Amino acid sequence: MIDPGALKTRLAIEAPVESDDGQGGVTRGYAVFAKAWAQVTPLGARHDVAADAGGASVRHRIVMRCGHVLTLQHRLVDGSRVYRILSFRDRDGGRFIEIDAELRVE
């Protein structure tokens with residue numbers, strides 16, 4: 001059972017939006033479709049290289065109330081922090097959702 005008082009981080013839930021790029025392809029952007037209070041807990045970090053840039057990927061567990069329809073294409077944003085959703089599952093009989101997410105740190 002999660003303590004509702006532990007949900008103290010305000011996250012924006014962003015959904016992917018695709019628009020025509022004028023050359024037969026699409027450009028993907030993101031638009032905020034909801035905001036939710038969440039508990040964000042860092043779990044661990046590992047060094048990695050993405051696009052020839054060194055940095056780290058920090059894994060987080062994010063818990064929020066259910067009621068939002070999420071997919072792995074959505075992302076969670078807290079200011080300049082952008083969390084990529086890796087997986088999610090119901091918790092406490094469907095009252096909460098537990099998300100495994102990754103934050104890229106340069």
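Note that the structure is predicted; figures quoted are calculated from it, not measured.
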Under the side-chain contact (heavy atoms from CB on, under 4.5 Å) rule, collect the residues that match up with S80, sequence neighbours excluded.
none
Cluster overlap L11 with V105, hydrophobic side-chain contacts below 4.5 Å
yes
Test side-chain hydrogen bond (donor to acceptor under 3.5 Å, both in side chains), reference D100, set R89, R84, R61, output is R89
salt_bridge(D90, R95) N-O dist < 4.0 Å:
no
Taken in chain and number order and not counting sequence neighbours, the residues that satisfy salt bridge (Lys or Arg N to Asp or Glu O under 4.0 Å) with R59 are none
Could you note down all residue pairs passing side chain to side chain donor-acceptor pair (under 3.5 Å) where residues 4-27 supplies at least one of them, sequence neighbours left out?
E14-R75, E18-R28
All salt bridge (Lys or Arg N to Asp or Glu O under 4.0 Å) counterparts of R81, not counting sequence neighbours:
D78
Kindly work out whether a path of hydrophobic side-chain contacts (I/L/V/M/F/W/Y, heavy atoms less than 4.5 Å apart) joins F33 to I99.
yes
4.5 Å side-chain heavy-atom contact, V82 and Y30:
no
With a 4.5 Å cut-off on side-chain heavy atoms, are L43 and H60 touching?
no
Can you list every pair that meets side chain to side chain donor-acceptor pair (under 3.5 Å) and has a residue in residues 32-42, with sequence neighbours left out?
none
CD of E102 to OG of S57: how many Å apart, nearest 0.5 Å?
4.0 Å
Membership question, hydrophobic clusters at under 4.5 Å side-chain separation (ILVMFWY): are I97 and L72 in the same one?
yes
Give a yes or no on whether V77 and V58 share a hydrophobic cluster (residues Ile, Leu, Val, Met, Phe, Trp, Tyr; joining criterion: side-chain heavy atoms under 4.5 Å apart).
no
Please collect all side chain to side chain donor-acceptor pair (under 3.5 Å) contacts where either partner lies in residues 65-74, sequence neighbours excluded, each pair once.
T71-Q73, T71-H74
Starting from I62, can I reach I85 by hopping between I/L/V/M/F/W/Y residues whose side chains sit under 4.5 Å apart?
yes
Min side-chain heavy-atom separation F96-M64 under 4.5 Å
no
